[in-house]
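Have a look at the structure below before the remarks.
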Amino acid sequence: MTIIAPSILSADFGRLADDVQAVEAAGADWIHVDVMDGHFVPNITIGPLVADAVRKATSLPVDVHLMIESPDMYLEDFVKAGADRITVHQETCPHLHRTLQRIRDLGAFPGVALNPSTPIATLQDVIPYLELVLVMTVNPGFGGQAFIPTSTKKIRAARELLEKEGRGEVPIQVDGGVGPETASRVVGAGADVLVAGSAVFGHPDGAGEGVRALRSSISTSH
Ligand code: DX5
Ligand code: ZN
């Protein structure tokens, strides 16, 4: 079953708890929390305080995506704030093996995200230590960007590498430009977890309808 993880980046921060509860009621599976520091990506968003607010608003897994430099400095704060999953960028972790071990030691599931220009092969030596691969399907930093078409080939390559290394159970997450018009393409290529911000929280009939539309766009094609 494909997992839907709405990204709160596109939520209404004046009523964040309501938006989170609306997507939970509509059948979302995880809540994706996009953390940006204005250095690794050209945007500043939220930190552990908001992850804590999300934690209090839902019983769904809190899936934290760290688009920040030196993520090691903040792992404990995010786990304390209630993060169930912490995904770090390969591009920000010179000691990625140690970072993944530390996330696991803190009690969260470790994931690795790759920017569009970072090859899947860079994951080779940490495959045994990760519990999620996040294939960025836009350049990180903003919601509402266009899906990068070559991403489907990259999703397939990630699926092949995981299978080859005996880690076929590790979910592949995609993030950026995912909506009803791209969902079946990425699921067909091997994606298990769909992050969607604007397609959900920007839906004209409300976030709940955004989740339902995304879910039905997958089921009709599979
Ligand atoms: C982009 C973020 C994505 C973004 C997705 O840097 O990592 O999670 O919120 O937004 P949409 O679904 O609007 O492309
Ligand atoms: Zn994200």
Side-chain angles (χ1 to χ4, degrees), residues 2-13 16 19-20 23 26 28-47 50-51 54 60-69 71 74 78 83-92 108-118 132-152 154-155 158 171-187 191-204 206-207 209-215 217-218:
T2 302
I3 289 169
I4 291 181
S7 159
I8 61 167
L9 183 63
S10 305
D12 175 352
F13 275 81
L16 184 58
D19 267 7
V20 166
V23 296
D29 301 292
W30 300 353
I31 301 294
H32 188 79
V33 178
D34 279 317
V35 179
M36 302 181 193
D37 64 359
H39 293 280
F40 177 61
V41 293
N43 191 6
I44 297 176
T45 59
I46 53 185
V50 175
V54 170
L60 293 179
V62 175
D63 170 40
V64 171
H65 176 193
L66 295 182
M67 290 165 275
I68 64 175
E69 289 178 1
Y74 303 97
F78 279 102
D84 296 286
R85 296 181 165 273
I86 296 183
T87 298
V88 293
H89 270 260
Q90 164 76 277
E91 304 88 357
T92 64
F109 289 100
V112 181
L114 300 178
N115 280 341
S117 56
T118 304
L132 178 130
V133 172
L134 168 46
V135 176
M136 289 305 295
T137 43
V138 295
N139 288 295
F142 300 93
Q145 299 179 83
F147 178 86
I148 296 173
T150 49
S151 306
T152 38
K154 190 169 181 180
I155 297 163
I172 295 174
Q173 183 176 52
V174 292
D175 187 359
V178 176
E181 66 296 335
T182 53
S184 50
R185 202 182 325 171
V186 296
V187 171
D192 306 288
V193 185
L194 308 186
V195 174
S198 47
V200 169
F201 293 107
H203 194 285
E209 197 44 45
V211 171
R212 281 185 285 273
L214 189 56
R215 179 83 67 196
S217 74
I218 307 161

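We use all heavy atoms of the structure for the numbers below, so side chains are in, but hydrogens, waters and symmetry mates are not. Because the structure is predicted, anything quoted here is derived from the model rather than measured. Both ligands and their constituent atoms are indexed starting at 1 by order of listing.
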>> To check your reading of the model: name the closest protein heavy atom to atom 10 (O) of ligand 1, its residue, and the distance in Å.
In response: Gly143 CA, 3.5 Å
>> If the cut-off is 4.0 Å to any non-hydrogen atom of Val195, which atoms of ligand 1 fall inside it?
In response: 8 (O)
>> Tell me if a side-chain donor or acceptor on Thr45 pairs with a main-chain N or O of Met36 at a distance below 3.5 Å.
In response: yes
> Which of the numbered atoms in ligand 1 are below 4.0 angstrom from a heavy atom of Gly144?
Replying inline: 11 (P), 13 (O), 14 (O)
>> I'd like to know if the side chain of Asp63 reaches the main chain of Val33, judged simply by a donor and an acceptor atom lying under 3.5 Å from each other, with no hydrogens or angles considered.
In response: no
> Which residue holds the protein heavy atom closest to atom 1 (C) of ligand 1, what is that atom called, and what is the gap in Å?
Replying inline: Phe142 O, 3.6 Å
> Do Glu91 and Thr118 meet the criterion of a side-chain donor-acceptor pair at a distance under 3.5 Å?
Replying inline: yes
> Given Asn43, Val138, Asp175, Asn115, which has its nearest heavy atom closest to atom 8 (O) of ligand 1?
Replying inline: Asp175
> Taking only heavy atoms of Met67, which atoms of ligand 1 are found under 4.0 Å from at least one of them?
Replying inline: 6 (O), 7 (O)
>> With heavy-atom distances below 4.0 Å as the criterion, list the atoms of ligand 1 near Met36.
In response: 6 (O)
> Are His32 and Asp175 side-chain neighbours, meaning at least one heavy-atom pair lies under 4.5 Å?
Replying inline: yes
> Which ligand 1 atoms does Pro140 reach within 4.0 Å, using its non-hydrogen atoms?
Replying inline: 6 (O)
> Within the distance-only criterion (no hydrogens, no angle test), does the side chain of Asp37 pair as donor or acceptor with the backbone N or O of His39 below 3.5 angstrom?
Replying inline: yes
> Quick check: does any side chain N or O of Asp192 sit under 3.5 Å from a backbone N or O of Thr2, one acting as donor and the other as acceptor?
Replying inline: no
> What atoms in ligand 1 come closer than 4.0 Å to a heavy atom of His65?
Replying inline: 7 (O)
> Among protein heavy atoms, which lies nearest atom 6 (O) of ligand 1, and at what distance?
Replying inline: Gly141 N, 2.6 Å
> Does atom CZ of Phe142 have more than 12 heavy-atom neighbours from other groups under 6.0 Å away?
Replying inline: yes
>> Looking at Thr137 and Ile148, would you say the former's side chain and the latter's main chain have a donor-acceptor pair under 3.5 Å?
In response: no
> Would the number of heavy atoms belonging to other residues, nucleotides or ligands and lying under 6.0 Å from OH of Tyr74 be above 12?
Replying inline: no
>> Between Asp29 and Arg215, is there a side-chain heavy-atom distance shorter than 4.5 Å?
In response: yes
> In ligand 1, which numbered atoms sit nearer than 4.0 Å to a non-hydrogen atom of Met136?
Replying inline: 7 (O)
>> Starting from atom 2 (C) of ligand 1, what is the nearest protein heavy atom, named by residue and atom, and what distance separates them?
In response: Asp34 OD2, 3.4 Å
> Is a donor on one side and an acceptor on the other found under 3.5 Å between the side chain of Glu209 and the backbone of Pro204?
Replying inline: no
> Where is the tightest heavy-atom contact between Ser117 and Lys154, given as atom of each residue plus distance?
Replying inline: N-NZ, 4.4 Å
>> I'd like to check which ligand 1 atoms, numbered from 1 as shown, lie under 4.0 Å from a non-hydrogen atom of Leu9.
In response: 9 (O)
> Who's the nearest protein heavy-atom neighbour of atom 14 (O) of ligand 1, and how far?
Replying inline: Gly177 N, 2.7 Å
Using residues 4-12 as the side-chain source, report each donor-acceptor pair under 3.5 Å to any protein atom, sequence neighbours left out, with the distance given to one decimal.
| unit_1 | atom_1 | unit_2 | atom_2 | d |
| --- | --- | --- | --- | --- |
| Ser7 | OG | Leu9 | N | 3.2 |
| Ser7 | OG | Asp34 | OD2 | 2.6 |
| Ser10 | OG | Ser198 | N | 3.3 |
| Asp12 | OD1 | Gly14 | N | 2.7 |

>> For the Zn ion (ligand 2), which protein N/O/S atoms fall under 2.8 Å? Skip waters.
In response: His32 NE2, Asp34 OD1, His65 ND1, Asp175 OD2
>> Do Leu132 and Val112 have side chains that approach each other closer than 4.5 Å (heavy atoms only, starting at C-beta)?
In response: no
> When you measure from atom 13 (O) of ligand 1 to every protein heavy atom, which one gives the shortest distance, and what is it?
Replying inline: Ser198 OG, 2.5 Å
> What part of Ser7, side chain from CB on, backbone N/CA/C/O, both or neither, has a heavy atom under 4.0 Å from ligand 1?
Replying inline: side chain
> For atom 12 (O) of ligand 1, what is the nearest protein heavy atom, given as residue, atom name and distance?
Replying inline: Gly197 N, 2.7 Å
